[in-house]
Amino acid sequence: MNNKFWNWVKNEETNESELIFNGPISEDTWFGDEITPALFRNELSKISGDLTVWINSPGGDVFAASQIYTMLRNHKGKVTVKIDGIAASAASVVAMAGDETLITPTGMLMIHNPATIAMGNKSDMEQAIRLLDEVKESIINAYEEKSHQSRARIAHMMDEETWLNAKKALSMGLVDGILFKDYAADDSPAEEDTDENTPDEDESEEPDEDGGKFKRRKTDDIAAMSYSAASAMDKLMKKISASYTPVTGTPIDQLDKRLSLLKH
(Lines give C-alpha, C1' and ligand atoms only; values in the text may rest on other atoms or scores of the structure.)
Protein backbone atom coordinates (compact mmCIF):
# COMPACT_ATOMS: atom_id res chain seq x y z
CA MET A 1 0.00 0.00 0.00
CA ASN A 2 1.52 3.34 -1.05
CA ASN A 3 0.13 6.16 1.07
CA LYS A 4 2.81 8.74 0.39
CA PHE A 5 1.43 12.25 0.59
CA TRP A 6 4.64 14.15 -0.14
CA ASN A 7 7.13 14.65 -2.93
CA TRP A 8 10.68 15.98 -2.88
CA VAL A 9 11.96 18.49 -5.43
CA LYS A 10 15.22 20.40 -5.77
CA ASN A 11 15.12 24.18 -6.13
CA GLU A 12 17.65 24.86 -8.87
CA GLU A 13 18.01 28.54 -7.92
CA THR A 14 18.76 28.06 -4.21
CA ASN A 15 19.94 24.44 -4.37
CA GLU A 16 17.69 23.80 -1.36
CA SER A 17 15.36 20.87 -0.95
CA GLU A 18 11.64 21.52 -1.12
CA LEU A 19 8.95 19.23 0.19
CA ILE A 20 5.65 19.32 -1.66
CA PHE A 21 3.14 18.32 1.00
CA ASN A 22 -0.01 17.89 -1.07
CA GLY A 23 -3.05 15.85 -0.09
CA PRO A 24 -4.47 14.12 2.98
CA ILE A 25 -2.20 12.94 5.77
CA SER A 26 -2.38 9.16 6.17
CA GLU A 27 -5.79 8.92 4.56
CA ASP A 28 -6.43 5.32 5.70
CA THR A 29 -5.92 6.33 9.29
CA TRP A 30 -6.58 3.07 11.14
CA PHE A 31 -5.87 0.48 8.45
CA GLY A 32 -2.22 -0.47 8.77
CA ASP A 33 -0.52 2.64 7.40
CA GLU A 34 1.26 3.54 10.63
CA ILE A 35 4.51 2.95 8.72
CA THR A 36 3.93 6.15 6.71
CA PRO A 37 5.65 8.46 9.24
CA ALA A 38 8.54 6.00 9.42
CA LEU A 39 8.97 6.18 5.65
CA PHE A 40 8.84 9.96 5.91
CA ARG A 41 11.55 9.92 8.58
CA ASN A 42 13.83 7.79 6.40
CA GLU A 43 13.54 10.20 3.50
CA LEU A 44 13.88 13.31 5.66
CA SER A 45 17.09 11.92 7.16
CA LYS A 46 18.66 12.07 3.70
CA ILE A 47 18.08 15.84 3.49
CA SER A 48 20.52 18.24 5.09
CA GLY A 49 20.50 22.01 5.34
CA ASP A 50 17.61 24.39 4.99
CA LEU A 51 14.26 23.02 3.92
CA THR A 52 11.09 24.54 2.48
CA VAL A 53 7.78 22.75 3.00
CA TRP A 54 4.87 23.64 0.72
CA ILE A 55 1.56 22.62 2.32
CA ASN A 56 -1.80 22.10 0.65
CA SER A 57 -3.61 19.53 2.76
CA PRO A 58 -7.07 19.03 4.30
CA GLY A 59 -5.46 17.18 7.22
CA GLY A 60 -5.90 13.60 8.32
CA ASP A 61 -4.45 11.46 11.08
CA VAL A 62 -3.44 13.67 14.00
CA PHE A 63 -0.87 11.16 15.29
CA ALA A 64 0.92 10.98 11.93
CA ALA A 65 0.82 14.78 11.82
CA SER A 66 2.34 14.89 15.30
CA GLN A 67 5.24 12.71 14.21
CA ILE A 68 5.86 14.80 11.10
CA TYR A 69 5.66 17.98 13.16
CA THR A 70 8.33 16.60 15.50
CA MET A 71 10.55 15.47 12.63
CA LEU A 72 10.45 18.92 11.05
CA ARG A 73 11.11 20.65 14.39
CA ASN A 74 14.09 18.35 14.90
CA HIS A 75 15.50 18.91 11.41
CA LYS A 76 19.07 20.25 11.31
CA GLY A 77 18.54 23.39 9.30
CA LYS A 78 15.96 26.13 8.93
CA VAL A 79 12.49 24.87 8.08
CA THR A 80 10.30 27.32 6.19
CA VAL A 81 6.65 26.33 5.82
CA LYS A 82 4.67 27.91 2.98
CA ILE A 83 0.92 27.35 2.85
CA ASP A 84 0.02 27.67 -0.82
CA GLY A 85 -3.53 26.36 -0.56
CA ILE A 86 -5.06 25.09 2.66
CA ALA A 87 -3.62 23.83 5.92
CA ALA A 88 -6.61 22.39 7.71
CA SER A 89 -7.09 20.14 10.72
CA ALA A 90 -4.00 17.97 11.26
CA ALA A 91 -2.17 19.78 8.44
CA SER A 92 -2.40 23.01 10.43
CA VAL A 93 -0.40 21.25 13.16
CA VAL A 94 2.34 20.42 10.65
CA ALA A 95 2.33 24.09 9.57
CA MET A 96 3.22 25.09 13.13
CA ALA A 97 6.55 23.26 12.78
CA GLY A 98 8.10 25.96 10.65
CA ASP A 99 10.87 28.15 12.02
CA GLU A 100 9.10 30.56 9.72
CA THR A 101 5.56 29.90 8.51
CA LEU A 102 4.21 31.88 5.58
CA ILE A 103 0.86 31.77 3.80
CA THR A 104 -0.21 32.89 0.35
CA PRO A 105 -2.73 35.78 0.31
CA THR A 106 -5.38 33.38 -0.96
CA GLY A 107 -4.54 30.57 1.47
CA MET A 108 -6.63 29.29 4.36
CA LEU A 109 -5.87 27.78 7.74
CA MET A 110 -8.48 25.85 9.73
CA ILE A 111 -8.40 24.56 13.29
CA HIS A 112 -11.05 22.42 14.97
CA ASN A 113 -11.60 19.78 17.63
CA PRO A 114 -10.26 16.28 16.96
CA ALA A 115 -12.72 13.58 15.99
CA THR A 116 -12.75 9.80 16.06
CA ILE A 117 -14.99 6.78 15.60
CA ALA A 118 -15.72 4.69 18.67
CA MET A 119 -17.93 1.76 19.51
CA GLY A 120 -18.65 -0.28 22.60
CA ASN A 121 -20.28 0.21 25.96
CA LYS A 122 -20.57 3.32 28.14
CA SER A 123 -17.08 2.84 29.53
CA ASP A 124 -15.65 2.64 26.02
CA MET A 125 -17.41 5.87 25.05
CA GLU A 126 -16.16 7.66 28.15
CA GLN A 127 -12.63 6.50 27.41
CA ALA A 128 -12.94 7.81 23.84
CA ILE A 129 -14.04 11.21 25.19
CA ARG A 130 -11.06 11.31 27.55
CA LEU A 131 -8.76 10.46 24.66
CA LEU A 132 -10.22 13.26 22.51
CA ASP A 133 -9.78 15.72 25.37
CA GLU A 134 -6.11 14.82 25.70
CA VAL A 135 -5.55 14.93 21.94
CA LYS A 136 -7.07 18.41 21.89
CA GLU A 137 -4.69 19.54 24.62
CA SER A 138 -1.73 18.18 22.67
CA ILE A 139 -2.82 20.08 19.55
CA ILE A 140 -3.24 23.28 21.56
CA ASN A 141 0.40 22.91 22.61
CA ALA A 142 1.52 23.43 19.00
CA TYR A 143 -0.79 26.41 18.38
CA GLU A 144 0.11 28.01 21.71
CA GLU A 145 3.85 27.76 21.14
CA LYS A 146 3.55 29.32 17.69
CA SER A 147 0.98 32.05 18.34
CA HIS A 148 1.46 32.77 22.07
CA GLN A 149 -2.34 33.00 22.35
CA SER A 150 -3.96 31.77 25.57
CA ARG A 151 -5.03 28.14 25.72
CA ALA A 152 -8.59 29.18 26.52
CA ARG A 153 -8.86 31.28 23.38
CA ILE A 154 -7.37 28.58 21.18
CA ALA A 155 -9.70 25.98 22.70
CA HIS A 156 -12.68 28.24 21.96
CA MET A 157 -11.56 28.67 18.35
CA MET A 158 -11.26 24.91 17.99
CA ASP A 159 -14.75 24.44 19.43
CA GLU A 160 -16.10 26.80 16.77
CA GLU A 161 -14.14 25.18 13.88
CA THR A 162 -12.37 28.41 12.96
CA TRP A 163 -11.38 29.19 9.37
CA LEU A 164 -8.70 31.84 8.99
CA ASN A 165 -7.74 33.71 5.85
CA ALA A 166 -4.16 34.91 5.47
CA LYS A 167 -4.62 38.21 7.32
CA LYS A 168 -6.47 36.67 10.24
CA ALA A 169 -3.94 33.87 10.55
CA LEU A 170 -1.20 36.52 10.64
CA SER A 171 -3.00 38.68 13.21
CA MET A 172 -3.47 35.60 15.41
CA GLY A 173 0.23 34.76 15.18
CA LEU A 174 -0.40 31.35 13.63
CA VAL A 175 1.75 32.39 10.67
CA ASP A 176 4.75 34.71 10.59
CA GLY A 177 4.04 36.45 7.33
CA ILE A 178 2.18 36.53 4.03
CA LEU A 179 3.90 35.47 0.83
CA PHE A 180 4.74 38.23 -1.66
CA LYS A 181 4.47 40.86 1.11
CA ASP A 182 7.37 42.92 2.39
CA TYR A 183 6.24 43.01 6.03
CA ALA A 184 6.44 40.41 8.76
CA ALA A 185 3.95 39.70 11.50
CA ASP A 186 5.27 42.46 13.82
CA ASP A 187 4.96 45.28 11.27
CA SER A 188 1.83 44.07 9.50
CA PRO A 189 -1.24 46.30 9.48
CA ALA A 190 -3.67 45.29 12.19
CA GLU A 191 -6.84 43.76 10.87
CA GLU A 192 -10.08 45.24 12.09
CA ASP A 193 -12.04 42.61 13.93
CA THR A 194 -14.55 43.95 16.42
CA ASP A 195 -15.26 40.52 17.87
CA GLU A 196 -11.71 39.41 18.58
CA ASN A 197 -9.03 42.04 18.09
CA THR A 198 -10.38 45.47 19.01
CA PRO A 199 -12.07 46.51 22.23
CA ASP A 200 -15.54 48.01 22.18
CA GLU A 201 -17.34 50.03 24.80
CA ASP A 202 -20.15 47.46 24.88
CA GLU A 203 -17.78 44.52 25.17
CA SER A 204 -16.43 43.17 28.43
CA GLU A 205 -13.23 41.24 28.98
CA GLU A 206 -13.03 38.35 31.39
CA PRO A 207 -9.81 36.64 32.49
CA ASP A 208 -9.33 33.19 31.03
CA GLU A 209 -7.67 30.28 32.79
CA ASP A 210 -4.22 31.52 31.74
CA GLY A 211 -4.74 35.05 33.01
CA GLY A 212 -5.34 36.51 29.54
CA LYS A 213 -8.37 38.41 28.41
CA PHE A 214 -11.20 36.76 26.53
CA LYS A 215 -13.66 39.17 24.95
CA ARG A 216 -17.34 38.57 25.18
CA ARG A 217 -19.60 39.45 22.28
CA LYS A 218 -21.41 42.78 22.52
CA THR A 219 -24.75 42.66 24.33
CA ASP A 220 -26.52 44.21 21.33
CA ASP A 221 -25.19 41.44 19.10
CA ILE A 222 -26.40 38.76 21.50
CA ALA A 223 -29.84 40.33 21.63
CA ALA A 224 -29.98 40.54 17.86
CA MET A 225 -29.15 36.85 17.48
CA SER A 226 -31.42 35.64 20.27
CA TYR A 227 -34.86 34.19 19.51
CA SER A 228 -37.74 34.84 21.86
CA ALA A 229 -41.21 33.42 21.25
CA ALA A 230 -42.73 36.16 23.39
CA SER A 231 -41.02 38.96 21.46
CA ALA A 232 -41.95 37.35 18.15
CA MET A 233 -45.61 37.14 19.19
CA ASP A 234 -45.53 40.73 20.40
CA LYS A 235 -44.20 41.92 17.04
CA LEU A 236 -46.86 39.90 15.23
CA MET A 237 -49.67 41.41 17.33
CA LYS A 238 -48.34 44.90 16.70
CA LYS A 239 -48.38 44.26 12.97
CA ILE A 240 -51.93 42.95 13.18
CA SER A 241 -53.00 45.97 15.23
CA ALA A 242 -51.37 48.36 12.80
CA SER A 243 -53.19 46.81 9.84
CA TYR A 244 -56.54 46.53 11.65
CA THR A 245 -59.31 48.73 10.22
CA PRO A 246 -62.35 49.25 12.49
CA VAL A 247 -65.56 47.91 11.00
CA THR A 248 -68.25 50.59 10.48
CA GLY A 249 -71.94 50.01 9.65
CA THR A 250 -75.33 49.27 11.22
CA PRO A 251 -75.27 48.01 14.82
CA ILE A 252 -76.38 44.41 15.30
CA ASP A 253 -79.46 45.31 17.40
CA GLN A 254 -80.82 47.51 14.63
CA LEU A 255 -80.27 44.74 12.10
CA ASP A 256 -82.28 42.39 14.34
CA LYS A 257 -85.18 44.82 14.41
CA ARG A 258 -85.13 45.15 10.62
CA LEU A 259 -85.12 41.42 10.18
CA SER A 260 -88.12 41.14 12.52
CA LEU A 261 -90.06 43.66 10.42
CA LEU A 262 -89.29 41.74 7.25
CA LYS A 263 -90.66 38.55 8.76
CA HIS A 264 -94.01 40.24 9.32
Side-chain angles (χ1 to χ4, degrees), residues 1-29 32-111 138-139 141-148 164-166 169-170 172-186 188:
M1 180 184 297
N2 183 6
N3 288 319
K4 284 179 62 175
F5 43 85
W6 68 86
N7 185 37
W8 294 101
V9 296
K10 198 75 172 180
N11 189 317
E12 295 181 357
E13 295 181 1
T14 64
N15 202 35
E16 293 180 1
S17 298
E18 294 190 355
L19 170 61
I20 309 301
F21 200 99
N22 191 20
I25 302 172
S26 187
E27 186 175 14
D28 302 321
T29 308
D33 62 346
E34 292 83 0
I35 192 63
T36 302
L39 289 174
F40 183 85
R41 178 180 285 106
N42 289 335
E43 295 194 28
L44 183 61
S45 65
K46 303 173 185 177
I47 305 299
S48 60
D50 296 345
L51 171 66
T52 296
V53 182
W54 292 88
I55 294 182
N56 178 40
S57 172
D61 182 357
V62 67
F63 297 114
S66 174
Q67 288 183 275
I68 294 169
Y69 167 89
T70 304
M71 294 176 209
L72 292 175
R73 289 293 303 271
N74 195 50
H75 180 70
K76 306 302 181 184
K78 179 182 178 181
V79 174
T80 301
V81 172
K82 296 182 178 181
I83 303 170
D84 61 348
I86 183 174
S89 188
S92 68
V93 176
V94 175
M96 299 299 102
D99 297 307
E100 182 180 27
T101 300
L102 307 173
I103 186 171
T104 184
T106 55
M108 293 286 290
L109 191 146
M110 185 272 277
I111 66 175
S138 71
I139 294 172
N141 290 339
Y143 298 140
E144 180 187 28
E145 183 171 344
K146 185 69 173 179
S147 69
H148 304 294
L164 302 167
N165 65 53
L170 179 61
M172 287 291 299
L174 291 170
V175 299
D176 303 301
I178 300 177
L179 290 168
F180 321 120
K181 297 290 185 181
D182 294 330
Y183 57 81
D186 291 339
S188 63

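Heavy-atom basis, side chains included; hydrogens, waters and symmetry copies ignored. Start at 1 with the first residue, then count along the sequence.
Once rounded to the nearest 0.5 Å, the distance linking CG of Leu44 with CD1 of Ile68 reads 9.5 Å. With rounding to the nearest 0.5 angstrom, the CG atom of Asn74 is 5.0 Å from the NZ atom of Lys76. Summarising the geometry, atom OH belonging to Tyr69 is positioned 4.0 Å from atom CZ belonging to Arg73; distances are rounded to the nearest 0.5 Å. Note that the CE atom of Met172 and the CG atom of Leu170 stand 11.5 Å from one another [nearest 0.5 Å]. Note: Thr104 OG1 to Lys181 NZ = 10.0 Å, rounded to the nearest 0.5 Å.
Between Ala90 and Val62, the shortest heavy-atom distance links the atoms CB-CA, 4.1 Å. Taking all atoms of both residues into account, the shortest heavy-atom contact from Ile111 to Ser92 is CG2-OG, 3.9 Å. Residues Ile25 and Ala64 come closest through the heavy atom pair CG2-CB, 4.0 Å. Heavy atoms only, all atoms of each residue included: Ile83 and Ala95 are closest at CD1-CB, 4.1 Å. Closest non-hydrogen pair, Ser89 versus Pro58, comes out as CB-O, 3.6 Å. The minimum heavy-atom distance linking Ser57 with Pro24 is given by the pair OG-CA, 4.1 Å.
Within the 4.5 Å cutoff, side-chain heavy atoms of Leu51 are placed close to those of Leu72. Put simply, the side chain of Asn22 does not reach to within 4.5 Å of the side chain of Trp54, judged on heavy atoms. Thr101 places none of its side-chain heavy atoms less than 4.5 Å from the side chain of Ile103. In this structure, the side chains of Ile47 and Leu19 stay at 4.5 Å or more apart for every pair of heavy atoms. The shortest distance between side-chain heavy atoms of Leu109 and Met96 falls below 4.5 Å.
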- Message: Using side-chain contact (heavy atoms from CB on, under 4.5 Å), reason through Val53 and Val79 one step at a time and then give a plain yes or no.
- Response: CA-CA 7 Å; Val53 182; Val79 174; 4.2 Å; yes
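No donor-acceptor pair under 3.5 Å is formed between the side chain of His148 and the backbone N or O of Tyr143. One N or O on the side chain of Lys146 and one on the backbone of Gly98 form a donor-acceptor pair closer than 3.5 Å.
Sorted by first and then second residue, the salt bridge (Lys or Arg N to Asp or Glu O under 4.0 Å) pairs involving residues 83-109 (not counting sequence neighbours) are Lys78-Glu100.
Exactly one residue among Val94, Ile86, Ile20 makes a side chain to side chain contact (heavy atoms under 4.5 Å, CB included) with Ile55. That residue is Val94.
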